[in-house]
Every structure is written in C-alpha cells, then in structure tokens.
Amino acid sequence: MQAVCDNLNQGQRRSLLVMATGTGKTRVSAALVDVLMRAGLVKNVLFLADRIELVGQAKSAYGEYYPNWSLCNLCDNKHDTDARVVFSTYQTMINAIDVETGADGKPAFSAGHFDLIIVDEAHRSIFKKYKVIFDHFDALMVGLTATPRNEVDRNTYDFFQVQHGVPTYVYEYAQALNDNVLVPFVNVEAKTKFVDEGITYDDLSDEDKERYEEDFGDPDLDDEGDNADVPEHIDAAAINTYVMNPATVDTVLEDLHDNGIKTDGGERLGKTIIFAANQAHARYIVERYTARYPKEAAHGFIKTVLHSDDYAHSIISEFKRKPLPAITVSVDMMDTGVDVPDIVNLVFFKKVRSKIKFWQMIGRGTRLSADLDCVDSIDGEYVGKRRFKIFDYCGNFAFFREQTNPVEDKLSASVSERVFARKAQLIQALQTGEYASDSHIMQWRDELIQDLREQINSWDTAKVAVRAKREYVERYRQPHAFAALNDLNVRELVRELAPLAHCDETDVAALRFDALMYALMVESAAGRSTAAYVTKVRTIATRLHERMTIPQVSERRELINAIINDEQYLKTMPVSELEQIRLRLRGLIRFLADAGGRRVIITDLADPLIERSENEPFDITEHYEDYKLKVNRYINEHGDDPVIYKIRHNQPVNSADYSELERILVELLGTKEQYQAAYGNTPFGLLVRRIGRLDHAAAMEAFASFINTHTLNQAQISFLHMIVDYIERNGYLEPEQLSKPPFDRPRPIFKLFDNAQAMDLIMCIRKVESNALAPERP
C-alpha cells in the first residue's frame, strides 16, 4: 500500500502489485481504497475481474471490511451506478458504458466517473480484449496479480508503466511461507503406464489384447477376422481425453482416498479439487468414484463443476460453505479465483504446460484455515491447517523442473475475429495478376469484400468499443478502400477491426471450420506451405469418416474419402475449389461435438502404477533476484544511506562517496560485467537518481537562485516547471534534450529566454547533473 502511495506522490498513475494467491490481494485493495478516499484523492472506484464469481467474491469481501460503504455488483440485476465502489466483469462494463444511464438520462459512466480502477488478476489478455475500458476512463489504475513476477507478461509491465521484472510491490510465496501467511504443500508424484506411455498392443496380456481388439477394432473393416485393423499403439495424449480406462482412474482415486489429508478426526477426506482433462473425463471420474465408494457418492460427496452444467455456480457455493460436496471435479472453473481455505488436497489429473496457470491452480490450496481439524501421515491429528497435498499423475512437477521458462500460450482470438481477419488476408491475396483475369474469382473476391463491409456498416459507432476505432471503421466502410489492399491496410483490418467482429452464426463448429479453411486458402493463394492446415482438414475428414452412418455425412462420402486417401488432394487444389469444400463440409462439423471430435472409448485394461514418490524437491522460489531487480530494491529500500541520500537530495558527492557507491553496485549487488550489460555506460550516480528520483524540495532549491535572479513571465515559469518536473521524475536532464520534445513547445528555449537567461538555466541543469557524478580528480 505504501508503494502505491509513493507512486502517486511521484506522479505515477499506475501501479502493479504481485502477491501470491491467498495473501490478501482483495483486502489490500480495499485498504488502499480506504486510504485514498480518506485522503480525498478518490471518490468513485471500479473493481474489474474476469469472472462473475470473482466479482461477487470481491464485493462480498469489501462489504465485510467496510459495511457502511455503498457497493454495486453490475453483474447482478440491481444496478446502483452512484455507488462508491462498482464491481464488474470486463464485458459487463463495456456494455454498461454503452447503455447505462443516470437519473438525468445521460451516460452513467462518463470518462471521468471513476477516480481509481482496480484490475484484479491483471494478465495479458485484458489489455488486448478490453483495452477500450482503460482508454475510456481517465483514472488511477492498480493491477493485482498472483502471477510470479518472472512470469508476468511484458504487456502487463508496459501497461502499468513499470520496469520489466520490477512491479510496484511484490509479496512472493516463499516469503509468505516464512511469515506463516500461507501453508506449504507436499507433492505426491505418480505415473501409471498408460498415462505416461500410452497403450501398446504388444505389451498387453492375452486377455487384455482380446478386450483391446474389441474396443479399438472396426468389425466393418475386419473381413478376415483377424486384428489387422487394430491400431498398434494408442498415444498417451488419448488417455483421459477420449479413451477412458477404469483401472487408470481407480488408481488415482484410491491413492487420494487412502493417502489424502482427512478431516473430522480422520473420518473422511478433506476438501479436494480434482482437475480433469475434459468434461467427459470429469464425468467418468465421478462415475468411477460412485462405483468404488457408493455410500459416499450417494450423499453428494463428489460433484462435477463444468461450464455446461447449469448448476455449476451453486455447486461452487456449496463447496465453499457446506460440508458437502467434499470433492469437486473441475474443468477450468476451479483453476483460479475460488477461495476455499479448507481445501487440503489437489489432484492434477491433466497436463498443465503454463507455469502461470500451474501456480494459480496450486494456489487453491495455500490458504490458512486456523480451526480445521486435520489428520495426515506426517503429524497425525492436529488443529489448524499445516499443509496441503498435491497428487500429480500427469508429470507437471517434472515438466516444470526441466522447463524453467516454458513458452506461454499465445493470446487466442475469437472465432469471429479469426474469420474476419482471414477474409481480409484472402481479399489481398486474390488481387494479384494470377487471379485478376478470372471473372469467377473476382466475383468471389467482391462477395468477400461485401461481407466485411456489411459487418463494418452494421457496427454502432455509439458503442464505446466501436467509437474507439471510428477512424478505421469509417475508412473501411467505403468500397474503394478494398480496391487494392496493401500490407498496412490488412494490418489495420486484422489488428484494429477484426476484434470488433461478431458473426451471428449459431453453428460455432462450422464457424471454426470456416476459420481453418480460410487460413488454408490464404496460404494457398499466396503460394506458401499449406501442410499444417491440410493435416488438420484431413484429420477432420478422418473423424467424419467414422460417422458414415449419419445420412448427411454419407452424402459427402466421395469427397471425404478423396481428402483422406490422397495426401496431395488439398495441396494441389485451386483456391476457388477449396471454397467449395468449405461450403460442402462446414455443416457436418457439428457431428464431431463429443470429446473433441472423437468417439469416447471406454476400455478395461490393467494399468499398473510404475512410479510413485512423495515430497521430491521442487523449487518454489521465483528467481526474482536478477541484477536489475536487486539494484532497484537496494536503492529504493536504502534511501537513507549517506551516499544515496546525498544523490537524491542533490548534494555533491566526494570521492569516498563515489567509491562506496561503486562498491554497492559492482561488488555487493553484482559485478562490473552485470552493470555494463544492464545499464551500459550510465554513471553510477545518475542511475541512482533515475531509480530513486530526485527529492522535490531539492529539485526546487536547485533552481531557486535562477528564479531569484531573473524576472520571469508566465510562459517562462511554465517552461521552468516542466524542466523541474522532468528532473524530479528522471533524476537529471541532458541539456541537449532542450531542443527536443516536449521542451521545444510552445517555443524553444532560446526564443523563450534571452541568451543570458538561457545560459544561466542550462548551468543550473548541468549543476544538478554534476552533483550526481564522480568528482573530477585534481
């Protein structure tokens, strides 16, 4: 909180707080709001989160901390736009900006309505999808995230205007453990043969081979009565995706049931989340638990939490507040933001390859629960949650030991956005001489242009998201804008307008196929490799082939077989014929809706446990201590050290001072090579000034003699204040910068001051700089 206030005192309007899950980000934000309101710096506050559950959770927490505040959850039916703190999801706020009105009939949320915006779980996607909110409101902004600092995206640092790797404030998991604010975990890492290696036919027993042939063979293709049609191997990725094996699931459930942390004097398993691979997997886990432990299941001991379930949110609420369910099986819905202190077991029954997401999921178990009675294999029975257990059956801990810096997933565009963008790219590709002489292709190109223009013309420029892009909207509403698209035009269509696109297509599966086919057409028309897209289309055709009993699919048998059987069929096809394939197949994609487009196979094979270990070392430190971070921390935390104090207060330093500064920067905190790599030839003292800032009173004092010596007019005083403000924020000013923006407006220095005044001012600036430099040797 102090760090944010220091930022405000230094003129910075944005701050980023990185705090481990469970350390009280919401509470800190509420306290910050209270402090700023008491100081008269803010009146109205907006709290943004990306999920309805998190919005409700935050409002409830604020209500507990400050019961007399007026609070409004915009996601509810009742709207109080005059509330002191408004809670909302990003999409709800975008809609509210457009439609909500006050008692006077004017827009309720004008640009100046909020003085402070708190961005919960600040992550990269919000700055692409919902940037319009932050462009609309003129407010202070504070970002909250539990993402480890070294995993925070560059866009997040840039958005909050902080140095990469150096948030405004950090409270890491390791420190929280030392402070007894969070609890540690015990990791159980195990493997079954199928989950780790897949299923190999030759490795099975004779009995299991027979079952394998029944489950994975195709009797319609097996005219010889042998197993020639049976696949030799089922990849590990298929297990728990579309291949369900009871022995695999039972092994995990038995391990959890026998070795998980228990409550109620050891009578029952404590609160548990099982992270499943997909919805079919989640439901099968519950099915197997019911078969193994029917008594518990009959009383509602285990339930799924899935987006497709209408009652998912009520189950989350029951899981938080009631004894049952004790186990929730979740696909994505319980990964972040669900605060249940009583959780003592987590089961990773899915692969996670995003380190950010992995830590967020682990964070579900880190919270303290002082009154919880527990029984575990380490301390027996005790009161007060001391640890939680993580059962990892998918090699996640092993992956992150090896991949210390895994590549995070790229931001995903909506399907409508991808279709719009690829149509724009295709319009450009079809304007070359190769296609321009073909009247049919030109007619098709005109149809594509008409489609994009109709979308653009349908957008309401009164809406804030469209209004922010009005320059581009108006440009591409005109027919001539598409006459001959250059790369800049396509870039504008893709980056500025495509995010606004929304297709009214109800068949989302067909829309996804459109995006794939348009991408294939773009690459084909441009003469680039189409191999990756061809492979995806052939995979879809193969899956459709498995559904030839469906009349609509059977009607396209000839086309589907041609795609499957001829690797060159799609690669050599003219782009206009690819369009015909899109039209002929798009309506069939909906028949591939189950288990990611694959038929769910439930087999029953022995799946032995091949490895199990407990509490293998796993580095929980977040490796924040890079050189630049250490320098920033030291300077900001040692402002009263004599040499740093002198430099920040514009007092000249002597040789002994500078030697001490050199010792700190290139001996105590690192090496000369590290300094050179991080800061180049920047003098030590100027670096301290740049990071620690120049004291305001000292900055004013540096120019006091100039002010007292010269009689200045209003324009000259404004120019001087601009210089003082710049030096205060940056530590110093090179005189050469006075001829560059912003100092060349409204008039350059030598037109604003006479020569004597200008030279005196430059001498004052040089003096401020020289006070932070090493003294010249005699």
Side-chain angles (χ1 to χ4, degrees), residues 21-24 64 173 176-177 179-190 249-276 282 285-305 314-330 334 338-349 361-393 609 612-616 618:
T21 298
T23 54
E64 291 178 11
Y173 181 53
L177 291 181
D179 295 341
N180 296 317
V181 173
L182 298 179
V183 297
F185 59 79
V186 174
N187 46 308
V188 177
E189 299 172 60
V249 177
D250 290 354
T251 296
V252 176
L253 292 178
E254 288 171 9
D255 195 1
L256 169 67
H257 199 269
D258 295 343
N259 300 300
I261 295 177
K262 306 214 171 29
T263 56
D264 293 345
E267 291 298 313
R268 69 176 186 178
L269 194 68
K271 289 280 186 178
T272 300
I273 299 177
I274 301 177
F275 301 112
I285 290 170
V286 174
E287 181 182 325
R288 290 309 305 163
Y289 189 91
T290 302
R292 300 289 297 180
Y293 310 102
K295 182 179 178 180
E296 290 89 339
H299 290 86
F301 200 76
I302 184 171
K303 291 184 179 180
T304 57
V305 179
S314 63
I315 291 176
I316 292 175
S317 180
E318 291 172 0
F319 184 66
K320 286 180 178 181
R321 297 175 174 83
K322 297 181 179 179
L324 296 178
I327 305 174
T328 53
V329 188
S330 166
M334 305 282 283
V338 177
D339 299 340
V340 184
D342 287 356
I343 290 174
V344 288
N345 301 298
L346 299 176
V347 180
F348 281 84
F349 213 168
M361 294 163 81
I362 287 176
R364 298 315 98 213
T366 58
R367 286 170 174 78
L368 295 170
S369 183
D371 299 325
L372 186 67
D373 65 311
C374 301
V375 177
D376 67 29
S377 58
I378 299 174
D379 290 332
E381 189 171 356
Y382 54 90
V383 175
K385 181 176 166 185
R386 297 179 185 176
R387 62 187 64 84
F388 64 104
K389 259 189 177 179
I390 301 175
F391 295 83
D392 179 16
Y393 270 80
L609 187 68
R612 189 183 188 281
S613 62
E614 287 198 21
N615 227 14
E616 288 289 320
F618 186 76

Ignoring hydrogens and angles, write down the donor-acceptor pairs under 3.5 Å from the side chains of residues 318-325, residues two or more places apart or on other chains.
unit_1	atom_1	unit_2	atom_2	d
K320	NZ	Q57	OE1	2.8
R321	NH1	S317	OG	3.1

Worksheet item: So R612 and T251, side chain to side chain contact (heavy atoms under 4.5 Å, CB included) or not? Walk me through it.
Response: CA-CA 12 Å; R612 189 183 188 281; T251 296; over 6 Å; no
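- Contact of the V249 side chain with the E287 side chain is not registered, since no non-hydrogen atoms from C-beta on lie closer than 4.5 Å.
- Closest approach of L269 to A326, counting heavy atoms only: O-CB, 4.1 Å.
- Using a 4.5 Å cut-off on side-chain heavy atoms (C-beta onward), D255 and V188 make contact.
- Contact between I390 and I362 at its shortest, heavy atoms only, is CD1-CG1, 3.9 Å.
- A donor-acceptor pair under 3.5 Å is formed between the side chain of K385 and the backbone N or O of I343.
- Considering all non-hydrogen atoms of both residues, V183 and F388 come closest at O-CE2, 3.6 Å.
- The local environment of CG in D371 is sparse, with at most 12 non-hydrogen atoms from other residues, nucleotides or ligands closer than 6.0 Å.
- With a 4.5 Å cut-off on side-chain heavy atoms, N187 and D392 do not count as touching.
- A 4.5 Å side-chain heavy-atom check between I316 and M334 finds at least one atom pair inside the cut-off.
- The distance from atom CG of D258 to atom OG of S377, rounded to the nearest 0.5 Å, is 12.0 Å.
- For R367 against G363, the heavy-atom pair with the smallest separation is NH1-O, 3.4 Å.
- One finds the CG atom of D342 at 11.5 Å from the CG atom of L368 (value rounded to the nearest 0.5 Å).
- Within the model, atoms OG1 of T272 and CD1 of I261 stand 9.0 Å from one another, a figure rounded to the nearest 0.5 Å.
- With sequence neighbours left out, E254 forms a salt bridge (charged side-chain N to carboxylate O under 4.0 Å, His left out) with R292.
- A salt bridge does not link K389 with D376: every distance from a Lys NZ or Arg NE/NH1/NH2 to an Asp or Glu carboxylate oxygen is 4.0 Å or more.
- We find the CD1-CG distance between I378 and N615 to be 6.5 Å, quoted to the nearest 0.5 Å.
- The closest side-chain heavy-atom distance from L256 to I274 is below 4.5 Å.
- Between the R364 side chain and the V338 main chain, a donor and an acceptor come within less than 3.5 Å of each other.
- Minimum interatomic distance between V347 and V252 (heavy atoms only, all atoms of both residues): CG1-CG1, 3.7 Å.
- Within the model, atoms CD of E296 and NE2 of H257 stand 4.5 Å from one another, a figure rounded to the nearest 0.5 Å.
- Aromatic ring pairs are classed by plane angle as parallel below 30°, tilted from 30° to 60° and perpendicular above 60°; the pair F275 and F348 is tilted.
- Within the 3.5 Å criterion, the main-chain N or O of T263 finds no donor-acceptor partner in the side chain of D373.
- Looking only at distances, a side-chain donor or acceptor of T366 sits under 3.5 Å from a matching main-chain atom of T21.
- The CD1 atom of I327 sits 11.5 Å away from atom CD1 of I273, with the distance rounded to the nearest 0.5 Å.
- F185 and F618 have tilted rings, their planes meeting at an angle from 30° to 60° on a 0 to 90° scale.
- Scanning both residues, Y289 and L253, for their nearest heavy atoms gives N-CD1, 3.6 Å.
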